[in-house]
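Input: a single structure, listed below in structure tokens.
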Amino acid sequence: MEKTEKKNSLAKLKGMHELSLIIIILVFGVILSIASPLFMTWTNIRTVLSGMSTDGLMTIGMAVVLISGGLDLSVGSVMCLSMVLGAQVLLAGGNPFMACLVILVFVAAFGWLQGMMITKLNLTHFIVTLCTMGMARGLVLGLTGGRSLSLLARLEDYPWFKIVGQGLVFDFLPMQLIIFLIVAVAMDFLTRKSSPMRLVFYTGSNEKAARYSGIRVDRVKIAACMFCSICAGLAGIIYMVKFSGCPVTAGTGAEMTAISSCVIGGCSMNGGKGTIFGAVLGLTLMSMVTNAMNLLSVPSTWQQFITYSILLVAVVFDVISQMRSKKKAA
Amino acid sequence: MADVLLQLRGISKSFGNNQVLKNVNFDLKAGEVHSVIGENGAGKSTMMNIIYGLLKADSGEIYIEGKKADIKDCQDAQHQGIGFVHQEIALCPEMTVAQNVFMSKINGMRTASIDYKKLNEEAQKIMDSIVEGIDASRLVEHLSISNQQVVEIARALSENCKILILDEPTASLSESETEALFAIMRRLKERGIGIIYISHRLSEIFEQCDRVTVLRDGEMINTYAVKEVEAKQLVNDMAGREISNLYPPKLEENNGEVLLKVTDLADVEGRFRDISFELRAGEILGFSGLVGSGRTEIMETIVNLHRKKSGTVVYDNEELGGGKTSDIYSKGLVYMSEDRKNLGLFLDMDVEKNVASMHRDVFRRGKKSVLIEAARESDAARHAIALLNIKCMGKTHRVGDLSGGNQQKVMVTKLFTKTPKVVIMDEPTRGVDVGAKSEIHTYLRWLANQGMGIIIVSSELNEIIGMCDRVLVMREGEICAQATGDDINSNYIMNYASGAYLLEKQAEEE
């Protein structure tokens with residue numbers, strides 16, 4: 001009996017999407033460290049990791065929305081807009097607490113509004129978030145007049161707040177990375193084990209059946225939207241402190257990075273499938289690719305093409321391996 | 001002897017190590033209806049897919065009209081005169097009848113423009129040859145399910161079809177629609193078309209078929225002329241064992257307390273009105289009636305999936321106002337939908353998560369905890385698999401990969417992870433084979449004997465007659481009759497369900 005159980009867990013690990021991703025990342029890492037001596041230095045790795053934390057928070061939020069059967073194109077713009085609002089509060093003399101409070105309340109309300117439109121008006125995630133993406137970015141430009149805001153002077157007054165985006169714990173671990181990892185680990189655990197996250201899976205897998213099982217799917221979908229926007233807001237706080245201000249282009253294309261990472265990490269665009277761990281691994285792979293191109297001095301004009309080619313290859317590879325395992329099962 | 005249209009000789013097929021067809025022989029004559037029966041997973045679908053070119057046999061030969069045939073794919077099968085009407089309707093709802101009928105022809109056309117007028121006329125001809133009164137230029141989505149099925153048949157016939165495969169065509173039809181389909185089948189027979197007919201309903205086979213072939217575990221057990229065989233023989237052949245009683249014995253008398261009392265219930269859309277009934281502990285109450293008579297809507301309204309307009313529902317001496325569906329479920333009044341693929345199951349998920357999907361509070365670590373106790377879930381799944389003998393590779397088997405009957409069993413078990421008091425089951429055994437059906441029926445009767453109240457909604461008269469202690473007959477959104485004891489028979493029920501009693505009344509008055 002015990003033996004079969006053991007066998008099962010081994011088979012489960014083998015079948016897990018995450019394992020193949022880890023192997024790919026390791027192999028890629030080895031190749032990279034041979035190709036470029038700079039890769040395996042702590043400075044480089046730290047740069048990659050801290051670069052990941054804002055995108056990572058949005059990836060976590062995106063994973064939850066994707067699992068619920070939705071999509072959120074607005075994360076990058078919402079992050080930028082929340083930064084602008086937070087910066088305005090600071091510039092107007094508010095303290096960091098007030099700024100963070102304003103940001104979090106705003107993004108929660110923003111997510112709620114998106115969710116309400118999606119559920120009560122029966123609009124698709126794509127349409128609603130496409131519009132809100134444009135609107136949020138437009139508001140950024142309108143409110144700032146297209147000029148980036150600088151918080152350099154203001155942040156000098158609050159050195160403790162600067163730690164959030166610029167500090168190092170024990171002089172080597174970036175604080176932002178720790179914040180991201182805490183959220184990631186907590187959400188991964190909750191995704192696997194908690195009842196509310198299970199509701200998100202049921203809703204994404206088959207919304208109607210979920211309703212017939214007594215799940216209030218509207219609430220679940222709204223909550224998923226809110227969670228995703230809140231993640232964007234958290235990323236905004238870190239980003240704002242990290243750059244001591246807010247560039248009006250902050251978060252451009254972040255939604256694509258987040259979606260790509262989730263898909264590479266095993267989330268289904270049809271909902272009901274995915275893990276936070278997988279999505280984070282997907283983002284790791286994406287970040288490594290970008291880093292590799294920088295280290296190997298690939299011209300920046302070609303980087304986008306290469307990144308998305310790799311995304312396509314990853315997705316095709318995944319589909320083929322899934323077909324194979326299905327054939328085996330049959 | 002009539003011409004032999006189709007012969008299968010020594011057909012075998014395996015998927016991996018799993019041999020699903022073993023040396024099957026079969027033949028179909030012109031102008032006959034030949035039924036193929038067997039439990040879920042007996043190999044019927046595989047056999048039909050081989051005939052239709054969707055699968056390749058590992059060994060064996062197929063002859064069409066005496067000539068050895070090599071069927072490459074389904075388009076090739078259509079050219080060779082084979083038509084297949086699948087169990088589930090696969091039409092394009094936003095297109096017209098004619099466009100659907102000639103789908104494969106349009107697909108083969110290499111012209112830039114299509115003469116839709118001509119297409120409509122030709123489609124109309126084919127439609128009229130089957131049944132009058134369906135306009136070929138109408139959109140398919142505006143047709144009833146049974147008329148959509150006629151379109152499917154027309155599509156199969158559009159390519160000079162000689163061999164027609166019907167896979168459980170009556171599964172989603174009401175009694176009267178079924179009658180209409182049988183009339184069509186008789187007409188096709190006269191035209192010399194051979195029909196392979198797959199169904200789980202034995203009564204249909206005895207009414208409509210000429211011969212019947214029984215498959216069990218991929219082997220051909222026997223072929224009988226329908227006139228020379230008894231139902232019991234077929235059931236035993238299919239099951240490979242004696243099934244002595246198709247239905248468990250009924251209750252002698254019932255003095256249980258009233259568990260559910262519905263008074264003057266009506267819904268907002270007006271699909272039913274003035275619904276009043278009681279359900280007692282230990283009783284199995286049947287809801288019969290034609291498809292669309294409002295039965296499903298009543299049940300969905302009772303558990304608050306739809307809003308009611310007026311009336312009261314009293315469960316366990318407590319009125320259920322506008323409560324949440326999940327609260328009603330956790331109080332012990334549960335409902336199982338008739339539509340397992342869309343409303344009942346999470347096909348992408350495994351058995352375990354499906355079993356745990358209804359009473360989610362049972363699986364929490366504590367009342368206030370948000371975490372799930374994994375061990376409790378796997379116990380429930382294992383228990384469910386053992387209880388109804390679900391054939392799967394364990395609790396992590398993806399439900400979408402199970403056969404229809406086993407999917408149905410998974411859906412049934414999810415109601416019972418927490419002991420309910422009142423169970424409402426809409427089509428409890430849809431698409432399930434004889435063996436599994438009797439397992440589900442026996443389980444339901446056992447539950448009733450434990451003191452539960454059970455409501456069965458079913459389009460299958462035999463199920464209603466065999467299972468229920470009391471039957472309410474629905475017609476056009478109202479309860480028009482109640483049957484108990486010896487009145488529970490097909491004549492009595494159909495008389496009311498079809499509205500024939502109204503005609504009699506009229507005749508008397510005149």
Side-chain angles (χ1 to χ4, degrees), chain A residues 1 4-5 7-16 67-69 186-220 223 266-274 322-330, chain B residues 14-18 20 300 303-305 323-331 333-350 353-354 356-365 369-374 377-378 393-401 411 414-415 426:
Chain A
M1 184 68 203
T4 54
E5 287 282 315
K7 227 181 185 173
N8 277 346
S9 61
L10 196 74
K12 216 172 164 184
L13 200 70
K14 254 190 195 163
M16 256 166 54
I67 292 169
S68 82
M187 277 313 291
D188 186 68
F189 177 76
L190 290 175
T191 306
R192 288 169 205 274
K193 304 273 183 187
S194 81
S195 185
M197 270 310 291
R198 180 64 73 75
L199 300 188
V200 179
F201 276 94
Y202 283 133
T203 305
S205 177
N206 185 346
E207 192 181 324
K208 280 188 192 155
R211 195 168 89 83
Y212 272 69
S213 298
I215 295 169
R216 282 184 286 170
V217 289
D218 281 3
R219 285 177 59 165
V220 173
C267 291
S268 161
M269 293 296 282
N270 298 321
K273 229 180 242 169
Q322 267 181 29
M323 278 199 272
R324 261 203 207 142
S325 69
K326 226 179 205 175
K327 239 183 196 169
K328 242 187 204 166
Chain B
S14 310
F15 296 114
N17 297 325
N18 186 9
V20 285
E300 291 181 352
V303 295
N304 245 321
L305 285 163
K324 287 178 280 180
T325 302
S326 57
D327 287 347
I328 295 175
Y329 286 165
S330 65
K331 278 178 194 156
L333 168 59
V334 292
Y335 167 70
M336 185 186 86
S337 163
E338 59 177 330
D339 187 348
R340 76 172 162 252
K341 288 214 164 118
N342 291 316
L343 307 177
L345 289 172
F346 303 92
L347 295 176
D348 276 339
M349 292 187 161
D350 58 19
K353 294 206 176 82
N354 271 283
S357 65
M358 195 151 194
H359 297 296
R360 297 169 302 276
D361 46 343
V362 177
F363 301 103
R364 294 204 191 166
R365 288 197 186 162
S369 173
V370 294
L371 298 182
I372 294 168
E373 181 77 59
E377 276 191 345
S378 43
M393 294 190 307
K395 59 194 170 60
T396 51
H397 200 139
R398 188 177 164 270
V399 164
D401 294 335
M411 181 161 75
K414 76 170 186 175
L415 303 180
D426 207 339

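As the structure is a prediction and not an experimental result, all values here were calculated from the model. Residue numbering restarts at 1 for every chain, and letters A, B, ... go by the order of the sequence lines.
Taking every heavy atom of both residues into account, A/Ser213 and B/Lys414 meet most closely at OG-NZ, 3.3 Å. The shortest heavy-atom contact between A/Tyr212 and B/Leu343 is CB-O, 3.5 Å. Shown here for A/Gly214 and B/Arg360, the closest heavy-atom pair between the two residues is O-NH2, 3.4 Å. A pairwise comparison of heavy atoms in B/Phe346 and A/Ser205 identifies CB-OG, 3.5 Å as the closest pair.
Looking only at atom types and distance, the side chain of B/Ser337 has no donor-acceptor partner in the side chain of A/Lys208 under 3.5 Å away.
Contacts between A/Arg211 and chain B at a heavy-atom distance below 4.5 Å involve backbone atoms as well as side-chain atoms. Interface residue B/Tyr329: only side-chain heavy atoms are found under 4.5 Å from chain A. At a 4.5 Å heavy-atom cutoff, the contact between B/Leu371 and chain A is made by backbone and side-chain atoms alike. For chain A, no part of B/Glu373 is nearby; none of its heavy atoms comes within less than 4.5 Å. Both the backbone and the side chain of A/Ile215 have a heavy atom closer than 4.5 Å to some heavy atom of chain B.
Within a 6.0 Å radius of NZ in A/Lys193, other residues, nucleotides and ligands contribute 12 heavy atoms or fewer.
Counting only heavy atoms from C-beta outward, the side chains of B/Lys353 and A/Phe201 never approach each other to under 4.5 Å.
For the set B/His359, B/Arg364, B/Met358, the count of heavy-atom pairs under 4.5 angstrom toward chain A peaks at B/Arg364. Ranked by heavy-atom pairs shorter than 4.5 Å toward chain A, the options B/Leu347, B/Asp348, B/Leu345 are led by B/Leu345.
Between the CZ atom in A/Arg216 and the OG1 atom in B/Thr325 there is a gap of 9.5 Å [rounded to 0.5 Å].
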